[in-house]
> 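My structure is below; once you've seen it, I'll send some questions.
In what follows, every heavy atom counts, from backbone to side chain, and hydrogens, waters and symmetry copies are set aside.
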Amino acid sequence: MSVAIDDATSPSFFLDKSAKIFVAGHRGLVGSAIVRKLHSLGFTNLLLRTHAELDLTRQADVESFFAAETPQFVILAAAKVGGIHANNTYPADFIALNLQIQTNVIDASHRFGVKKLLFLGSSCIYPKFAPQPIPENALLTGPLEPTNEWYAIAKIAGIKMCQAYRIQYNWDAISGMPTNLYGPQDNFHPENSHVLPALMTRFHEAKVNGAKEVVVWGSGSPLREFLHVDDLADAVVFLMGSYSGLEHVNVGSGKEVTIKELAELVKEVVGFQGQLVWDSSKPDGTPRKLMDSSKLAGLGWTPKISLKEGLVGTYKWYLENAKQ
């Protein structure tokens with residue numbers, strides 16, 4: 001069974017800066033960072049389509065696009081995403097729309113002659129009680145976290161689809177699984193944002209309103225890992241040029257921070273002078289969630305943006321762009 005095209009490198013990605021690259025999901029947190037990175041490296045022929053211009057859930061539309069544009073490389077960063085509340089409220093959307101997007105784009109990429117595709121997933125693919133740090137081979141070794149299993153099942157199917165097309169067609173499809181991401185273009189909505197943008201919004205509003213304290217749920221003891229989205233974009237480009245294997249690759253910072261340390265750091269960056277109060281009657285969530293990114297480090301990539309530096313840049317973007 002031949003499953004590796006060339007297990008070391010795929011150098012052709014960097015040879016032609018005018019090659020057509022389709023970045024699916026270019027307006028999101030991840031896709032916009034990938035576009036910034038590719039532009040900074042001198043790539044001149046990016047194919048970008050908004051949802052209004054191309055609905056990736058419609059197979060006929062996707063096939064028409066690939067037939068007309070014939071991209072050479074595809075980076076699949078488009079997905080239906082949301083927090084716990086959204087996953088619980090719209091489970092059918094999270095499994096069906098993501099399966100449709102992935103299936104249409106991966107299959108059309110293969111059939112219309114794309115040289116290489118990178119599929120992006122999420123750390124939620126791993127079992128709820130996976131070993132810490134979580135290695136790639138923890139996939140499918142136990143039950144998922146029930147609150148986002150609909151999204152996770154779709155993402156697991158995407159990994160397996162890339163592997164299946166590699167095995168059956170000897171086609172170069174790879175997958176990257178990022179940890180918790182943050183940065184420009186993040187979702188700062190007060191109801192359904194993730195912990196880091198939520199903290200930033202709350203401290204900013206407290207500062208603007210002259211509040212004396214900010215109350216945060218839990219004890220602050222859980223450990224989390226964060227990666228700046230520009231580091232992820234750098235890793236994506238690295239993998240496009242340097243990896244061609246069957247197994248998916250974890251993309252994390254390898255650095256843990258307690259929620260308490262994170263909150264103190266965000267408070268400092270925002271410049272909130274009041275008190276930080278912990279409501280330990282509220283639940284903490286998973287005590288530790290860290291991905292094992294040693295495989296990626298072994299390939300030669302490590303992150304460059306420190307959490308403090310990344311938070312400063314993110315807050316600057318928030319002040320300039322987020323709706324107050």
Side-chain angles (χ1 to χ4, degrees), residues 23-25 27-34 56 75-88 90-91 93-103 105-106 117-130 132-163 173-183 185-187 192-198 224-233 235-236 239 247-254 285-286 288-293 295-296 303:
V23 181
R27 280 185 159 178
L29 172 68
V30 173
S32 60
I34 292 167
L56 296 175
I75 299 171
L76 181 43
K80 165 75 174 173
V81 296
I84 292 171
H85 178 70
N87 269 269
N88 283 338
Y90 309 108
D93 289 355
F94 279 90
I95 193 163
L97 298 177
N98 282 306
L99 285 172
Q100 287 164 354
I101 291 166
Q102 295 161 197
T103 305
V105 173
I106 294 169
L117 174 141
L118 186 148
F119 169 71
L120 283 165
S122 157
S123 58
C124 74
I125 61 165
Y126 291 113
K128 182 172 183 173
F129 300 110
Q132 302 289 333
I134 310 171
E136 282 88 356
N137 64 12
L139 183 66
L140 296 174
T141 58
L144 298 164
E145 165 60 57
T147 53
N148 59 14
E149 67 176 343
W150 320 106
Y151 180 75
I153 289 285
K155 287 295 177 184
I156 292 167
I159 295 170
K160 290 296 168 186
M161 192 165 175
C162 288
Q163 292 177 343
I174 61 173
S175 300
M177 297 300 122
T179 187
N180 299 313
L181 301 167
Y182 72 99
Q185 306 286 344
D186 207 342
N187 170 24
N192 57 16
S193 58
H194 293 119
V195 60
L196 195 153
R224 292 292 180 269
E225 174 187 29
F226 295 95
L227 183 74
H228 194 284
V229 72
D230 288 347
D231 269 335
L232 172 63
V236 162
L239 289 169
E247 191 178 47
H248 63 282
V249 181
N250 285 345
V251 185
S253 65
T286 310
R288 188 184 188 207
K289 192 175 179 190
L290 174 68
M291 288 170 71
D292 180 349
S293 298
K295 177 176 179 170
L296 182 55

> Taking Asn187 for the side chain and His194 for the main chain, is one N or O donor matched with an acceptor at less than 3.5 Å?
no

> Is there side-chain contact between Arg288 and Leu290, with at least one heavy-atom pair below 4.5 Å?
yes

> Hey, could you give me the CZ/CD1 distance between Phe119 and Ile101, rounded to the nearest 0.5 Å?
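Result: 10.0 Å between the selected atoms.
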
> Hey, are the side chains of Pro146 and Lys128 touching, using non-hydrogen atoms and a 4.5 Å cut-off?
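They are in contact (side-chain heavy atoms under 4.5 Å apart), so the answer is yes.
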
> Would a distance-only check, ignoring hydrogens and angles, find a side-chain to backbone donor-acceptor pair under 3.5 Å from Glu225 to Gly254?
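At least one qualifying donor-acceptor pair exists.
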
> Evaluate the side-chain contact (heavy atoms from CB on, under 4.5 Å) criterion for residues Leu296 and Asn250: first the C-alpha distance (whole Å), next the side-chain angles of each, then the deciding distance (0.1 Å), finally the verdict.
CA-CA 7 Å; Leu296 182 55; Asn250 285 345; over 6 Å; no

> Parallel, tilted or perpendicular: which fits the ring planes of Tyr126 and His248, with parallel below 30° and perpendicular above 60°?
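Tilted: the ring planes of Tyr126 and His248 meet at 30° to 60°.
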
> Looking only at heavy atoms, which two atoms of Thr179 and Ser253 are closest? And how far apart?
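Closest approach of Thr179 to Ser253: CG2-N, 4.2 Å.
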
> Would you say the side-chain atoms of Ser122 pair up with the backbone N or O of Cys124, donor to acceptor, closer than 3.5 Å?
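Here the side-chain-to-backbone pair exists.
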
> If I compare all heavy atoms of Asn87 with all of Gly82, which pair ends up nearest, and what's the gap?
ND2-O, 3.2 Å

> Please tell me if the side chains of Ile125 and Tyr151 come closer than 4.5 Å, counting only heavy atoms from C-beta onward.
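Side-chain contact under 4.5 Å: no.
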
> Which distance, rounded to the nearest 0.5 Å, do you find between the CD of Glu136 and the OG of Ser175?
11.0 Å

> Give, for atom CD of Gln132 and atom CG of Asp292, the distance between the pair rounded to the nearest 0.5 Å.
10.0 Å

> Looking only at heavy atoms, what is the nearest atom pair of Gly142 and Pro127, with distance?
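What the structure gives for the nearest pair is N-CG, 3.5 Å.
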
> Would you give the length of the straight line joining atom CG of Leu118 to atom CG of Leu76, rounded to the nearest 0.5 angstrom?
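So the gap between those two atoms works out to 8.5 Å.
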
> Contact between Cys162 and Ile159 at the side-chain level, heavy atoms closer than 4.5 Å - yes or no?
no

> Taking all heavy atoms of His228 and all of Tyr182, pick out the closest pair and write down the distance.
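It is N-CE2, 3.4 Å.
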
> Between Leu227 and Pro303, is any pair of side-chain heavy atoms under 4.5 Å apart?
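Side-chain contact under 4.5 Å: yes.
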
> Do Thr103 and Met161 touch side chain to side chain, with heavy atoms closer than 4.5 Å?
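Result yes, sub-4.5 Å side-chain heavy-atom pair found.
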
> Check whether Gln185 reaches the backbone of Val30 with its side chain - one donor and one acceptor, N or O, closer than 3.5 Å.
no

> Quick check against the 3.5 Å criterion: does Asn98 have a side-chain atom that pairs as donor or acceptor with the backbone of Phe94?
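Judged by distance alone, yes, a pair lies under 3.5 Å.
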
> Please find the pair of heavy atoms, one from Leu99 and one from Ala157, that lie closest to each other, and give the distance.
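Taking every non-hydrogen atom into account, CD2-CB, 3.7 Å.
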
> CD/Glu247 to CE/Met177 distance, rounded to the nearest 0.5 angstrom?
10.5 Å

> Please report the shortest heavy-atom distance between Ser123 and Lys289, naming the atom on each side.
OG-NZ, 3.4 Å

> Going by heavy atoms in the side chains, are Leu181 and Leu232 under 4.5 Å from each other?
yes

> Are Ile34 and Leu120 packed together at the side-chain level, in the sense that at least one heavy-atom pair is separated by less than 4.5 angstrom?
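The answer is yes, as the side chains (C-beta and beyond) meet within the 4.5 Å cut-off.
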
> Could you walk me through whether Asn180 and Leu196 pass side-chain contact (heavy atoms from CB on, under 4.5 Å), step by step?
CA-CA 9 Å; Asn180 299 313; Leu196 195 153; over 6 Å; no

> Does Asp93 reach the main-chain N or O of Lys80 with its side chain, forming a donor-acceptor pair under 3.5 Å?
no

> Between Ile75 and Val236, is a side-chain contact (heavy atoms from CB on, under 4.5 Å) present by the stated rule, with each step listed?
CA-CA 8 Å; Ile75 299 171; Val236 162; 4.0 Å; yes

